There are 4 protein chains.
Amino acid sequence: MAGNTFGKKFKVTTFGESHGEAIGGIIDGCPAGIELDFESIRKEMQRRKPGQSSIVTQRKEEDEIKFLSGIFEGKTTGTPIGFVIENTNQKSQDYSDIKDTYRPSHADFVYEKKYGFRDYRGGGRSSARETASRVVAGAIAKQVIPNIKITAFVSSVGEIFIDKPYQDLDFSKIKSNAVRCPDEAIAQKMEAYIKEIKKQGDTIGGTITCVIQNVPIGLGEPVFDKLHAELGKAMLSINAVKGFEYGSGFCGAKMKGSEHNDLFNEDGTTKTNLSGGIQGGISNGMDIYFRVAFKPVATLIQKQEVLTNDGKIIAQQGKGRHDPCVVPRAVPIVEAMVALVLTDFYI
Amino acid sequence: MAGNTFGKKFKVTTFGESHGEAIGGIIDGCPAGIELDFESIRKEMQRRKPGQSSIVTQRKEEDEIKFLSGIFEGKTTGTPIGFVIENTNQKSQDYSDIKDTYRPSHADFVYEKKYGFRDYRGGGRSSARETASRVVAGAIAKQVIPNIKITAFVSSVGEIFIDKPYQDLDFSKIKSNAVRCPDEAIAQKMEAYIKEIKKQGDTIGGTITCVIQNVPIGLGEPVFDKLHAELGKAMLSINAVKGFEYGSGFCGAKMKGSEHNDLFNEDGTTKTNLSGGIQGGISNGMDIYFRVAFKPVATLIQKQEVLTNDGKIIAQQGKGRHDPCVVPRAVPIVEAMVALVLTDFYI
Amino acid sequence: MAGNTFGKKFKVTTFGESHGEAIGGIIDGCPAGIELDFESIRKEMQRRKPGQSSIVTQRKEEDEIKFLSGIFEGKTTGTPIGFVIENTNQKSQDYSDIKDTYRPSHADFVYEKKYGFRDYRGGGRSSARETASRVVAGAIAKQVIPNIKITAFVSSVGEIFIDKPYQDLDFSKIKSNAVRCPDEAIAQKMEAYIKEIKKQGDTIGGTITCVIQNVPIGLGEPVFDKLHAELGKAMLSINAVKGFEYGSGFCGAKMKGSEHNDLFNEDGTTKTNLSGGIQGGISNGMDIYFRVAFKPVATLIQKQEVLTNDGKIIAQQGKGRHDPCVVPRAVPIVEAMVALVLTDFYI
Amino acid sequence: MAGNTFGKKFKVTTFGESHGEAIGGIIDGCPAGIELDFESIRKEMQRRKPGQSSIVTQRKEEDEIKFLSGIFEGKTTGTPIGFVIENTNQKSQDYSDIKDTYRPSHADFVYEKKYGFRDYRGGGRSSARETASRVVAGAIAKQVIPNIKITAFVSSVGEIFIDKPYQDLDFSKIKSNAVRCPDEAIAQKMEAYIKEIKKQGDTIGGTITCVIQNVPIGLGEPVFDKLHAELGKAMLSINAVKGFEYGSGFCGAKMKGSEHNDLFNEDGTTKTNLSGGIQGGISNGMDIYFRVAFKPVATLIQKQEVLTNDGKIIAQQGKGRHDPCVVPRAVPIVEAMVALVLTDFYI
């Protein structure tokens with residue numbers, strides 16, 4: 001069953017494996033007449049791109065986007081936007097060691113069982129390489145809803161976390177550091193910790209917090225396509241995500257109703273916002289905020305037990321240039337998926 | 001945009017407001033030839049039904065399901081199954097007090113803004129009354145996938161929680177107590193606490209844990225319709241849910257890769273299961289387990305500030321027969337939604 | 001695979017067998033705030049209802065519609081509209097003679113092969129009884145697009161046909177006769193012929209022409225969901241339909257481009273309209289018109305060979321109260337499906 | 001609203017304008033493990049390609065397909081198949097003359113009204129250039145259902161038509177002539193006539209007949225997604241199509257039930273096949289056959305009135321290299337769309 005399309009009205013379909021010819025996608029349903037800012041699309045791609053700092057993978061991906069259709073004289077035409085990003089250095093590598101083995105906590109095993117065989121080069125379709133297509137689509141979606149402000153940032157790495165509410169943070173600082181954490185002191189600790197982890201050939205998990213501001217009232221379609229249900233699905237569809245909570249989240253489960261209810265102001269805004277900007281699955285005009293948990297990357301630069309396809313356990317040395325911590329690079333991916341969800345409800 | 005259908009192949013569409021004529025739904029895509037066990041459908045409805053114990057609402061809902069089509073001589077025919085549940089005591093109540101007011105943390109305000117006006121009787125479409133239709137559909141779905149075992153239970157109420165892994169619990173105890181908690185000592189504490197909360201006219205949140213056993217390898221459709229992404233959406237579509245985590249969840253975000261990776265056994269099972277039975281969005285044959293956070297019910301039997309539709313804040317006394325804690329009754333709803341997700345991938 | 005939903009935004013899902021408890025449906029995505037004219041819904045149902053004249057079946061169907069949700073104080077609420085129509089006299093009949101036989105050119109055989117067994121009472125799901133639900137949904141859709149005028153009429157019965165372009169017809173005459181043909185002289189001939197056919201225990205095919213006026217420019221979504229492609233699918237989904245042509249249709253295939261092209265007027269209208277109001281799959285503001293072919297009803301009041309489910313050919317006497325010619329009663333069904341297609345593109 | 005995806009399980013999404021960078025598409029849901037015969041894909045493309053004979057356009061399109069994903073070691077992997085076909089000679093032309101004008105019976109006018117502006121180079125998205133992507137997808141679909149035999153051929157050009165039932169034709173002769181007509185005498189007449197029309201700078205319509213053999217019983221999903229309804233939609237989505245009829249079609253509307261019913265043989269086959277291989281929307285195992293009407297191409301190599309975008313009627317000389325008759329080249333497109341429909345129901 002086809003599972004590579006996201007959205008109903010602003011429909012994004014992606015294709016591509018990490019080590020195939022190219023990745024790309026089709027955006028169908030983009031409104032006509034939007035004057036595209038290609039520079040901002042490029043910037044979003046740049047944020048996702050590997051090799052931007054010492055704490056992320058040093059792989060080089062050129063990530064040059066070729067738009068093939070749906071745009072004329074700089075504006076969207078209302079017809080599908082096809083785009084392609086070549087996989088420039090996919091051929092140089094040697095995969096003989098992973099061809100016949102299933103790495104722990106990778107998708108190797110399930111892909112082979114589900115489909116009968118697999119493209120064993122890198123992660124194939126299960127690689128986060130695919131998210132580059134999402135960032136392209138999200139960057140265009142952001143231009144469809146320019147008034148809505150989407151801000152994601154790293155809120156924890158391992159046990160290190162920001163201990164302030166988002167209202168007390170200066171979002172302009174997010175881009176000041178490689179971790180993409182708006183609290184500079186915490187960012188320094190996170191960075192040092194990630195470097196330490198990297199030195200060990202290990203990896204570490206983390207969380208991303210996302211705040212959506214200036215949302216119009218009324219987005220979301222109960223009872224199944226609630227706004228937070230679609231946001232949750234969008235986040236959980238990103239590689240390595242293990243959890244999603246919005247508003248009060250798991251803490252809300254410990255609270256009393258008398259503490260949790262958001263009392264109204266006379267203008268329809270609320271005094272508190274434990275609801276997280278959504279009531280009954282519909283945006284209420286307050287800030288939407290949520291938190292996403294990412295597990296540590298499964299590829300270690302260590303010796304590890306793997307399963308062979310003839311049922312033996314052997315030790316294998318992990319190698320390559322992988323991220324010790326995925327959350328800094330996942331920040332633009334989270335924002336892109338949020339943009340897709342909101343645009344789909346908005347248009 | 002229509003948002004009342006769940007699933008692509010086993011498609012469930014529901015209708016109905018809490019205080020309209022009836023609620024119900026259509027199941028389209030149910031395989032033909034399934035000999036339905038109506039008694040087990042009735043039992044699932046019974047588990048969801050109000051008034052079963054002193055810790056849940058004392059409202060009476062007869063919840064008699066009329067199946068109108070798609071079943072012949074006790075078996076599904078492959079044609080759509082239409083069903084209706086009458087709202088038997090919807091007319092007796094007086095809604096004049098909430099007609100012109102928006103209750104805090106209810107959907108009153110957003111429904112009125114989104115649709116221009118609202119059915120103000122009870123929660124209307126935003127009421128959890130709608131979940132009765134989901135339980136009917138889920139009970140049928142369970143019979144499509146009889147070998148998969150779905151077990152949900154209450155794992156926390158307020159600050160009281162089960163502090164053991166699910167493997168150490170005796171699931172047969174879940175039905176031994178009104179809270180639906182498999183740890184009887186904890187269940188007693190939870191029950192006492194809920195009674196206390198009820199006495200205060202207050203409400204309390206909680207969490208449900210769900211374990212899915214005997215899952216075939218291969219369910220889930222990357223990259224967007226990953227198994228856990230659909231489970232997450234399904235859970236987040238349930239009233240009052242604020243968060244979802246599966247496998248290691250938010251804890252996984254604190255871990256190192258060397259701790260988190262699930263090493264294989266020679267038969268393809270894994271020694272640990274921090275992944276939660278899903279790799280790359282596809283079931284790997286291990287147990288799937290996840291946790292869902294429910295906020296406290298917003299309706300309090302207390303005086304509370306509400307907003308009037310002409311922009312004034314007034315105090316209003318909450319009344320009626322509402323649940324002090326929603327999680328015990330949400331247990332069969334969680335299971336029903338899981339059954340819908342799995343059946344949709346399975347058939 | 002589920003196939004009982006029509007539309008993407010104005011989504012109509014129907015259920016029900018001819019001789020089950022009830023038929024009905026859910027309309028999801030109907031805009032909020034539409035003040036429903038229930039009398040006009042009833043009238044549409046009346047037009048489709050059997051027993052209205054001597055040339056249609058004398059079966060009695062009360063066809064009382066119960067709306068169960070989605071309507072409050074006479075207006076649509078934006079939530080799904082559930083409705084049910086009971087099958088009032090389904091139990092009185094005896095089906096022992098058709099239980100084990102497959103009637104020629106009925107769906108008995110394919111239903112049994114596809115689903116393993118079948119609801120043999122009447123046509124089950126394949127009966128045109130199901131179209132009553134479409135007429136309900138279409139009658140509501142018409143109220144969503146009140147400015148668009150949809151007019152269907154019988155344009156041929158057997159070899160008798162209207163030999164004028166629709167522009168020369170007086171649509172107000174359609175309801176003046178039992179055949180629903182706007183040319184009264186032709187209508188008389190058709191009526192006499194149908195009575196003759198009925199006397200023979202035979203049936204006869206016919207065509208319906210439909211004209212859609214006052215259509216806004218821009219409806220239709222290339223390249224697959226072209227306006228005429230959706231209209232065609234809608235028509236072909238109606239029982240007994242064998243063909244669809246719009247604008248010049250099959251005659252257009254005999255013409256030269258220099259004859260067929262519709263030259264523009266200065267205001268963007270065209271001098272001729274062989275295109276049938278649609279260019280490249282998008283409405284151009286001119287009248288849309290199309291023609292639908294209906295085969296003769298397969299149930300004859302004659303002795304006929306049938307196949308038994310153990311592989312024998314036996315003679316069987318057809319009986320019951322069936323339409324000798326289906327097209328007069330199909331007129332409101334054609335209009336209903338057109339309303340569904342247009343509303344889905346319009347909203 | 002997005003309209004560029006066909007199918008639910010075997011989902012094909014296309015993109016591309018006639019004079020943009022490239023066209024292409026994504027096939028999502030193709031089963032894994034199919035050893036692709038690339039030569040047969042190339043051959044299908046060759047059949048659709050312009051410039052193959054003196055009766056079709058002399059435009060050159062290289063139509064080299066680049067597969068970018070979803071295929072590994074020659075086999076489908078179960079992940080989406082992305083492909084691209086460059087528009088090699090799109091830049092050489094001058095469009096200044098059509099930039100500000102709307103040609104009669106083209107989509108220029110409606111595209112500009114619907115989207116606010118248009119890609120005026122050639123037909124843009126409304127060009128039949130897009131069907132090249134359909135042929136790629138259809139050629140792959142054919143390999144998913146290799147046992148089903150799909151044969152389309154030209155059955156009429158203008159007033160010249162084959163006057164035999166398809167059973168009396170030798171399908172092996174279809175490729176013997178440029179018109180793709182299995183009756184060689186008729187083919188010669190058609191070819192001579194098309195050359196004559198071409199000389200006049202005019203164009204001519206025609207019909208294609210398609211026969212589908214060896215279809216398994218049970219394809220099609222009532223009540224809306226009936227097999228013939230999906231075939232009809234597929235055909236009507238092809239450029240220039242004005243009508244679709246299957247089995248007895250419009251002739252069936254003139255017949256009596258006693259003539260039209262297909263009596264059974266003891267093995268479940270039928271003695272006649274006026275039904276056209278489909279009962280109640282489900283294939284019955286007999287041959288499926290249908291006929292599609294194509295209007296004459298709107299682009300004439302003559303002087304013709306056009307509308308300017310400032311509301312004036314001017315004369316304009318048509319030029320370029322267009323098909324005098326589109327049906328020969330549409331043969332592989334019809335087959336491709338049939339393959340998409342059948343595969344979507346089959347898998």
Side-chain angles (χ1 to χ4, degrees), chain C residues 1 3-4 6 104-105 107 110 113-114 126 130 158-159 202-207 217-218 221 223-226 228-229 232-233 236-237 242-245 247-250 252-258 260-264 266 275 279-280 282 284 293-298 300 305 307 311 313, chain D residues 1 3-4 6 104-105 107 110 113-114 126 130 158-159 202-207 217-218 221 223-226 228-229 232-233 236-237 242-245 247-250 252-258 260-264 266 275 279-280 282 284 293-298 300 305 307 311 313:
Chain C
M1 191 75 187
N4 295 281
F6 193 85
S105 293
V110 287
K113 295 294 170 193
K114 183 178 177 74
S126 74
E130 179 269 339
E159 302 273 3
D202 212 334
T203 62
I204 187 73
T207 62
I217 300 174
E221 295 297 340
V223 295
F224 293 113
D225 302 343
K226 288 174 172 162
H228 58 273
K233 178 179 166 178
L236 289 156
S237 78
K242 302 300 287 185
F244 169 86
E245 59 177 0
S248 62
F250 278 89
K254 298 179 187 167
M255 295 172 76
K256 294 184 187 176
S258 55
H260 194 278
N261 281 358
D262 294 316
L263 299 182
F264 279 104
E266 293 186 349
S275 301
Q279 288 294 11
I282 298 168
N284 69 357
F294 289 79
K295 69 168 191 176
V297 171
L300 311 181
E305 285 184 357
L307 176 65
I313 302 292
Chain D
M1 191 75 187
N4 294 282
F6 192 85
S105 292
V110 288
K113 293 296 170 191
K114 183 178 177 74
S126 74
E130 179 269 338
E159 303 272 2
D202 212 333
T203 62
I204 186 74
T207 61
I217 300 174
E221 295 296 340
V223 295
F224 293 113
D225 301 343
K226 287 172 173 164
H228 58 273
K233 179 180 166 178
L236 289 155
S237 78
K242 301 300 287 184
F244 169 86
E245 59 178 359
S248 62
F250 278 89
K254 298 179 186 167
M255 294 173 76
K256 293 183 188 176
S258 56
H260 194 277
N261 281 358
D262 295 317
L263 298 181
F264 279 104
E266 293 186 349
S275 300
Q279 289 294 11
I282 298 169
N284 69 358
F294 290 79
K295 69 167 190 175
V297 172
L300 311 181
E305 285 185 357
L307 177 64
I313 303 293

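Just so we're clear, the structure is a prediction, and the values are computed from it rather than from any experiment. Below, read A as the first sequence line, B as the second, and so on, with proteins coming before strands; counting in each chain starts at 1. Keep in mind that the numbers below use all heavy atoms, side chains included, and drop hydrogens, waters and symmetry copies.
- Both the backbone and the side chain of C:I204 have a heavy atom closer than 4.5 Å to some heavy atom of chain D.
- Ranked by heavy-atom pairs under 4.5 Å with chain D, the list C:K256, C:E159, C:H228 is led by C:K256.
- Heavy atoms only, all atoms of each residue included: C:K114 and D:I282 are closest at CD-CD1, 3.7 Å.
- With ring centers used as reference points, C:F244 lies 6.0 Å or more from D:F244.
- Of all non-hydrogen atoms in C:P104 and D:D262, the two that sit nearest each other are CB-O, 3.4 Å.
- Residue D:D202 touches chain C through its side chain alone, counting heavy-atom pairs closer than 4.5 Å.
- Taking OG of D:S105 as the start and NE2 of C:H260 as the end, the distance is 7.0 Å to the nearest 0.5 Å.
- Of all the listed residues (D:S248, D:G206, D:G247, D:S126), the one sharing the greatest number of non-hydrogen pairs under 4.5 Å with chain C is D:G206.
- Summarising the geometry of C:F250 relative to D:A293, their closest heavy-atom pair is CD2-CB, 3.6 Å, with the distance given to 0.1 Å.
- Contacts with chain C were tallied for D:F264, D:F294, D:F224; D:F224 has the most, counting heavy-atom pairs under 4.5 Å.
- Contact annotation for D:I217: only side-chain heavy atoms (C-beta onward) come within less than 4.5 Å of a heavy atom of chain C.
- Applying the side chain to side chain donor-acceptor pair (under 3.5 Å) rule to C:K226 yields no partners; only residues at least two apart in sequence or on another chain are considered.
- Annotation: maximal heavy-atom pairing with chain C below 4.5 Å, among D:A107, D:G311, D:G257, occurs at D:G257.
- For chain C, the nearby parts of D:V223 are the backbone and the side chain; heavy atoms of each come within less than 4.5 Å.
- Remark: D:E305 engages C:K271 in a side chain to side chain donor-acceptor pair (under 3.5 Å) (not counting sequence neighbours).
- Proximity to chain D is limited to the side chain of C:E130, based on heavy atoms less than 4.5 angstrom apart.
- Here the closest non-hydrogen pair linking C:I313 and D:E266 is CG1-CG, 3.6 Å.
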Evaluation steps, side chain to side chain contact (heavy atoms under 4.5 Å, CB included), between D:E221 and C:M1:
CA-CA 7 Å; D:E221 295 296 340; C:M1 191 75 187; 4.0 Å; yes
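- Interface remark: of the candidates D:L300, D:N284, D:V297, D:L300 forms the most heavy-atom pairs closer than 4.5 Å to chain C.
- Side chains of D:D225 and C:K233 form a contact here, defined as non-hydrogen atoms less than 4.5 Å apart.
- The residue among C:S237, C:S275, C:G218 with the most heavy atom pairs within less than 4.5 Å of chain D is C:S237.
- Heavy atoms closer than 4.5 Å to chain C are found in both the backbone and the side chain of D:F6.
- Looking only at heavy-atom pairs under 4.5 Å with chain C, the residue among D:K113, D:K295, D:M255 that has the most is D:M255.
- For the set C:A253, C:G232, C:G243, the entry with the most heavy-atom pairs within less than 4.5 Å of chain D is C:A253.
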